[in-house]
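Structure first, commentary second.
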Amino acid sequence: MPPLSTRRGGFWIEGDHVDIAGGTHQHGPMWAEWEAPGSGARELPVIFLHGGGGQGTDWLTTPDGRPGWARAFVAAGFASYVVDRPGHGRASQTAEVFGPVGAQAPAEQTAFLFAPSDAVDSQTQWPWSRQPHSAEIGQLAAANSALLTDLAEVNRIDAARVAALLDLTGPAIVVSHSLGAIGAWTASNMRQGLVRAIVAIEPAGPPFGTIPGVGTLTSGITVLPWITSADGIPGITGTPVAVVSGSASRFRGGAAAVRDYLRDECGARADLLALADQGLVGNGHGLMYERNSDEVANAVIRWLDSRVVDGTSGVMDAPREEFGEG
């Protein structure tokens, strides 16, 4: 990847102010860091939402130390906002302020999700060890944190913070991974017209499914009920959506079911972006940081170019200059 001239910065989306013993605290703030091309950026920025127990580093680097998707999208002309969802990464909190959390995922669970031992022949884009204590699994496991035990509260707080970020960025594209999708769906529903496209990488599903140890998607692909109108589901109906799935992922059947639900029940312009159909074979659940991560990013960018009308502008309106440059 050639050197880039970029601008960078970061800021907090504040949490709810709560008074507990000792004073006022913020419940569930969210950290957002951004990077934008120095000039000629596209009009629509991209907001990256990580999955369940991960953090924003999922988009910044790969297990073997290469630049992650956020960098690839900046190279393609997009300003990128990488967030640490409430309770994760730099937005971590104590249970006293944040609420009851479950157990942190062990390295064995990380290996099971991203490099299962029974997929060694099919998941060819994971060329590294599958042992829980290997270097690459260790890079993923080091980012692990615990989820709130109340999945509805996870959905509420994620969506509220992403909606607040959208109020700052203006119209944007949202790219989510795994459990991060539930906040993406609800935030788009809350901010009708601001989310111009959604790319759901291996999203939580199937619709109305139960995620072991996490909770049930009681409203289809979310936990919170949809805000509806006479025209359908604001922010979802008519919105371009790509549901991206790897050929070696144990969740690929769920991805097709999510696409069908979005298209048939929600009226979204939903596509199943099966990587095998793009000639990209051997990807698992963490397809954005496997060996062919740049090729997969390019496939997603091609989909965006085909579905989203977006010109170019000399200067991005967001990131806002008052957040500073790093």
Side-chain angles (χ1 to χ4, degrees), residues 42-51 73 78 151 154-156 158-160 162-163 165-166 169-209 211 216-246 249 251-275 277-278 287-288 296-297 299-310:
R42 300 182 187 226
E43 291 178 356
L44 295 177
V46 177
I47 296 171
F48 290 97
L49 304 180
H50 63 82
F73 274 69
F78 294 94
L151 188 59
V154 172
N155 195 168
R156 183 198 73 81
D158 282 1
V162 174
L165 177 57
L166 286 163
T169 66
I173 296 161
V174 177
V175 177
S176 67
H177 178 237
S178 195
L179 193 64
I182 65 172
W185 308 131
T186 303
S188 185
N189 186 213
M190 293 169 63
R191 293 296 186 269
Q192 180 180 5
L194 286 185
V195 177
R196 297 294 174 81
I198 302 172
V199 178
I201 309 297
E202 296 270 315
F208 301 102
I211 305 168
T216 300
L217 301 173
T218 53
S219 292
I221 54 176
T222 64
V223 183
L224 300 185
W226 296 113
I227 300 167
T228 60
S229 72
D231 297 322
I233 302 173
I236 300 296
T237 299
T239 299
V241 178
V243 180
V244 185
S245 180
S249 172
F251 305 106
R252 62 186 180 275
V258 169
R259 186 279 312 271
D260 292 345
Y261 177 84
L262 283 161
R263 184 186 57 195
D264 300 337
E265 303 298 329
C266 302
R269 295 165 54 201
D271 297 323
L272 177 62
L273 188 59
L275 294 184
D277 294 340
Q278 309 296 313
L287 52 84
M288 71 282 193
V296 177
V300 170
I301 292 168
R302 287 196 300 272
W303 179 87
L304 287 169
D305 287 339
S306 72
R307 294 291 188 270
V308 182
V309 177
D310 178 21

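None of the values given here were measured: they were computed from a predicted structure.
- When every heavy atom of Ile211 is checked against every heavy atom of Ala204, the shortest pair comes out as CD1-CB, 4.0 Å.
- Annotation: side chain to side chain contact (heavy atoms under 4.5 Å, CB included) contacts of Ala197 (sequence neighbours excluded): Ile173, Pro240, Trp303, Leu304, Val308.
- Among residues two or more places apart in sequence or in another chain, the side chain to side chain contact (heavy atoms under 4.5 Å, CB included) test is passed with Thr222 by Asn155, Trp185, Thr186, Ser219, Trp226.
- Note that CD1 of Ile201 is 11.5 Å distant from CG of Leu49, once rounded to the nearest 0.5 Å.
- Applying the side chain to side chain contact (heavy atoms under 4.5 Å, CB included) test to Arg191 and every residue at least two apart in sequence or in another chain returns Ala163, Leu166, Asp167, Leu194.
- In terms of modelled atom types and a separation under 3.5 Å, the side chain of Thr216 and the main chain of Thr218 share no donor-acceptor contact.
- In this structure, Gly246 and Leu287 approach most closely via the heavy-atom pair N-CD2, 3.7 Å.
- Using a 4.5 Å cut-off on side-chain heavy atoms (C-beta onward), Val46 and Leu44 make no contact.
- Not a single side chain to side chain donor-acceptor pair (under 3.5 Å) links Ser188 to another residue, sequence neighbours left out.
- Side-chain contact between Asp305 and Arg42 is present, with heavy atoms from C-beta onward closer than 4.5 Å.
- Leu275 is listed as a side-chain neighbour of Val244, based on a closest heavy-atom distance under 4.5 Å.
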Going by atom type alone, with no hydrogens or angles, which donor-acceptor pairs under 3.5 Å involve a side-chain atom of residues 228-236 and a protein atom two or more places apart or on another chain?
| from | atom 1 | to | atom 2 | distance (Å) |
| --- | --- | --- | --- | --- |
| Ser229 | OG | Asp231 | N | 3.2 |

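- With rounding to the nearest 0.5 Å, the separation of CZ in Arg307 from CG in Leu273 is 9.5 Å.
- Evaluation of the side chain to side chain donor-acceptor pair (under 3.5 Å) rule for Thr239 yields no partner, not counting sequence neighbours.
- Test Ile198, Val199, Ile47 against Val175 for side-chain contact (heavy atoms from CB on, under 4.5 Å) and you get one pass: Val199.
- Residue pairs meeting the salt bridge (Lys or Arg N to Asp or Glu O under 4.0 Å) criterion with at least one member in residues 170-185, sequence neighbours excluded, do not occur.
- Nearest heavy atoms, Arg156 versus Leu224: CA-CD1, 3.6 Å.
- Annotation: the span from Ile182 atom CD1 to Ser176 atom OG amounts to 10.0 Å, rounded to 0.5 Å.
- Of all the heavy atoms in Leu217 and Pro206, the pair that sits closest is CD1-O, 3.8 Å.
- Side chains of Glu202 and Met288 form no contact here, defined as non-hydrogen atoms less than 4.5 Å apart.
- At least one side-chain heavy atom of Ile221 sits less than 4.5 Å from a side-chain heavy atom of Leu262.
- Legend: residues meeting side chain to side chain donor-acceptor pair (under 3.5 Å) with Arg263, ordered by chain and number and at least two apart, are Asp260.
- For the atom pair CG of Asp271 and CZ of Arg259, the computed distance is 8.0 Å after rounding to the nearest 0.5 Å.
- Closest approach of Ala184 and Val174 over heavy atoms only: CB-CG1, 3.8 Å.
- Taking the side chain as every heavy atom from C-beta outward, Tyr261 and Cys266 approach each other to under 4.5 Å.
- Here the closest heavy-atom approach between residue Ala159 and residue Met190 is recorded as CB-SD, 3.9 Å.
- Applying the side chain to side chain donor-acceptor pair (under 3.5 Å) test to Asn189 and every residue at least two apart in sequence or in another chain returns nothing.
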